[in-house]
Amino acid sequence: MSDPHFDFVIVGGGSAGCALAHRISADPAYRVLVLEAGRPDFWWDVLIHMPAALALPLGSRFYDWGYRSEPEPHMAERSIYHARGKLLGGSSSINGMIFQRGNPLDYEGWAQRPGLEHWSYAHCLPYFKRMEACDSGDAEYRGRDGPLVLERGRAEGPLFDAFFGAVQQAGFPLTDDVNGQRQEGFASFDRNVRRGLRWSAARAYLHPVKQRTNLDVRCRAFATRILFDGRRAIGVEYTNRGRTHRVFADEVICCGGAINSPQLLQVSGVGPAALLRKHDIEVVHDLPGVGENLQDHLEVYVQHACKKPVSMTPNMLWRWRPWIGLQWLAGTGPGMTNHFEAGGFVRSNAAVDYPNLMIHFLPLAIRYDGTRPTRGHGYQLHIGPMRSDARGNLRIRSADPRQPPELRFNYLSTEQDRREWVEAIGCARHILGQPAFREFDAGEVAPGPSVATGKEILDWVALDGETALHPSCTCRMGIDPLAVVDPTSLRVHGVDGLRVVDASVMPTITNGNIYAPVMMIAEKAADAILGRPPLPVLALEPFRHTRP
């Protein structure tokens, strides 16, 4: 079956896809189709809308693609689980709801690459502001009227008080806003939460405009390949309920994320020619960078038992969940929070010029997916290096788009990575060992006192570390031979009518959670796609650490 012709087909109704659909369909002259392989984000679905339920969709085939890496050679040959959103809103519908722009100097680093001069902090800041509705922070740096509502974490209670006291005792500063001028330091975090509801990209961008007559959103529409006429993309083939459909468009925009977008390009004939021929795929264009440069953040939890009954750990017990759900429906109680209410960014050593460690503090001790809570009360720091120089790759296993690709992240594969991990655990222990925690501290649960030397720390990280769920950079923008998309237009090099707009186009991963940068990229790309002049630059000077 085939459909009428569209101006734009957006493949992927995730974070970037929702933002693009909103901005492009605002012009009634354009007919826009969004193809989302997953289910709708139903309004009644408590598991995705209650912030405190964030762990429950992970691992479920209804919400999560459930990718796994190949055995990682420096991680005790473990296959690392990677959750990715399988519903409207994409991973923004199942993530931790933490909103972090990254460090301004991340974008200064992007701009130093050939062709990326217009991706500096001054060029990106106006788009961060355009997308935000933030009721705190300096208005010079923060947006007030955008679709993406942000709430600042309350970070209240004795354990949060101890945390903020401890970081200062450890010699680290506080900052007013990690998304403002100064990321370095500790503060309450911005969260994609609105009045106790997850505020995903779908809720922010898509649902308010879904009645537009020129916008068509189709869920359970799994894209199997991009259709080409020569080297020009002319449409998309997809399946829905066992039937194959074709849609045609002037432009195809891949918004599947750092895993799905390069996979779709490769099975469609755009990628490393040797790989494509190996799987009997006709080569449309030999583009060797597709699937290369894979980056991510690895994290661990340094956990302590708590002497006093002041943590939120008991709220994770199953017997309390019905009561928490009833409170949440009434607009109150612990179901209203994602728990990631405070944290910060620090430098692990004096040689780095801006923060390379991210820390989240939780007033409970539990894994991200909700497993292995401590018995009784506890608290923990999430910590990991943000600027790892480890690089991996993504490669299809076959021509079948339903077969997950091979993912190799190469965690802990570099000297810098291993050094920063030892420094990171030392930093976490330094904070948690401060006098501010003394009245609560019942001892370190993980990794535990037996893990002391650098080798022991690295062995523990290899066995216990897990992804922070930030895959990126597999279709990076640039103008060198391994770049995949043009930095100005985000068009795929060597073909026409095809763009990629998602986390895969980042040249290097940003310093923090990547949801906010992905949305900024989509906002900036929308102007380029529509032929509009970019927003005026905001040449505000970011914070720079001055060495003594």
Side-chain angles (χ1 to χ4, degrees), residues 8-21 34-38 65 67 82 84-86 89-92 201 221-228 233 235-238 249 251-272 275-276 281 284-285 287-296 392-397 399 401-407 409 469-478 482-487 489-495 497-507 509 514-515 517-519 521-522 525 529:
F8 296 95
V9 172
I10 297 172
V11 183
S15 302
C18 288
L20 285 180
V34 178
L35 299 176
E36 167 52 44
W65 287 106
Y67 292 111
H82 279 263
R84 293 284 88 198
K86 190 181 179 182
S91 294
S92 77
F222 182 86
T224 54
R225 66 187 176 108
I226 300 164
L227 303 174
F228 285 93
V236 177
E237 183 178 272
Y238 71 94
E251 287 208 32
V252 175
I253 308 174
C254 291
C255 298
I259 296 176
N260 294 84
S261 284
Q263 180 189 20
L264 183 60
L265 290 181
Q266 289 179 5
V267 299
S268 302
V270 179
L275 174 67
L276 306 186
I281 296 170
V284 173
H285 180 53
L287 197 55
V290 175
E292 298 301 312
N293 195 45
L294 176 60
Q295 298 174 42
D296 188 26
N393 57 60
L394 175 153
R395 291 170 185 162
I396 54 173
R397 300 175 190 271
R402 297 168 188 81
Q403 188 171 8
E406 296 177 353
L407 302 171
F409 290 87
L469 303 174
H470 303 157
S472 53
C473 308
T474 48
C475 294
R476 69 171 175 85
M477 53 184 165
L482 286 177
V484 176
V485 299
D486 174 74
S489 64
L490 299 184
R491 294 185 187 275
V492 175
H493 290 305
V495 297
L498 180 62
R499 306 186 203 232
V500 179
V501 181
D502 54 33
S504 70
V505 307
M506 297 165 66
I509 196 167
I514 65 170
Y515 173 58
V518 168
M519 301 300 284
I521 290 169
I529 291 167

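How far CG of L276 is from CZ of R395: 11.5 Å, rounded to the nearest 0.5 Å. Atom CD1 of I253 is separated from atom CZ of F8 by 5.5 Å, given to the nearest 0.5 angstrom. Atoms OG1 and OH, from T224 and Y238 in turn, are 10.5 Å apart once rounded to the nearest 0.5 Å. Here I281 contributes atom CD1 and Q266 contributes atom CD; the two are 8.0 Å apart, rounded to the nearest 0.5 Å. Note that CD of E406 and CD of Q263 are 11.0 Å apart. Values are rounded to the nearest 0.5 Å. Separating the OG atom in S504 from the CD atom in Q295 is a distance of 12.0 Å, to the nearest 0.5 Å.
Contact detail for A503 and V518: the closest heavy-atom pair is CB-CG2, 3.6 Å. Summarising the geometry of A233 relative to F228, their closest heavy-atom pair is N-CD2, 3.5 Å, with the distance given to 0.1 Å. In terms of heavy atoms, G13 sits closest to C18 at O-SG, 3.3 Å. Shown here for M519 and A201, the closest heavy-atom pair between the two residues is CE-CB, 3.9 Å. Of all the heavy atoms in V284 and S268, the pair that sits closest is CG2-O, 3.6 Å. Closest approach of R491 to G497, counting heavy atoms only: NH1-N, 4.3 Å.
Considering V270, V501, I226 in turn, I226 is the only one that fulfils the side chain to side chain contact (heavy atoms under 4.5 Å, CB included) rule with C254. A side chain to side chain donor-acceptor pair (under 3.5 Å) with D502 is found for exactly one of S15, S261, S472, namely S261.
Looking only at distances, no side-chain donor or acceptor of R476 sits under 3.5 Å from a matching main-chain atom of N293.
Outside the 6.0 Å centre-distance limit, the rings of Y515 and H470 are not counted as a close aromatic pair.
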**Message:** For a side chain to side chain contact (heavy atoms under 4.5 Å, CB included) check, start with the C-alpha distance between I10 and L35, then their side-chain angles and the critical distance, and finish with the verdict.
**Reply:** CA-CA 6 Å; I10 297 172; L35 299 176; over 6 Å; no
**Message:** Using side chain to side chain contact (heavy atoms under 4.5 Å, CB included), reason through C255 and L20 one step at a time and then give a plain yes or no.
**Reply:** CA-CA 9 Å; C255 298; L20 285 180; 3.6 Å; yes
**Message:** Quick one, L490 with V500, criterion side chain to side chain contact (heavy atoms under 4.5 Å, CB included). Give me CA distance, side-chain angles, the key distance, then yes/no.
**Reply:** CA-CA 6 Å; L490 299 184; V500 179; over 6 Å; no
**Message:** For V484 and V505: C-alpha separation, side-chain torsions, deciding distance, then whether side chain to side chain contact (heavy atoms under 4.5 Å, CB included) applies.
**Reply:** CA-CA 8 Å; V484 176; V505 307; over 6 Å; no
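Contact check for I529 versus R499: side-chain heavy atoms found under the 4.5 Å cut-off. Under the 4.5 Å side-chain criterion, counting only non-hydrogen atoms from C-beta, H493 is in contact with L287. Counting heavy atoms from C-beta on, the side chains of L265 and C475 come closer than 4.5 Å. Residues F222 and R402 have side chains in contact (heavy-atom distance under 4.5 Å, counting atoms from C-beta outward). I514 has its side chain within reach of I509: a pair of non-hydrogen atoms, C-beta onward, lies under 4.5 Å apart. I396 is listed as a side-chain neighbour of L275, based on a closest heavy-atom distance under 4.5 Å. Taking the side chain as every heavy atom from C-beta outward, Y67 and P471 never approach each other to under 4.5 Å. Using a 4.5 Å heavy-atom threshold, the side chains of E251 and L498 count as separate.
In summary, E237 and R225 engage in a salt bridge, as defined by a charged side-chain N under 4.0 Å from a carboxylate O. A salt bridge does not link K86 to E36: none of the charged side-chain nitrogens sits closer than 4.0 Å to a carboxylate oxygen.
Other residues, nucleotides and ligands contribute over 12 non-hydrogen atoms within 6.0 Å of the CZ atom of R84.
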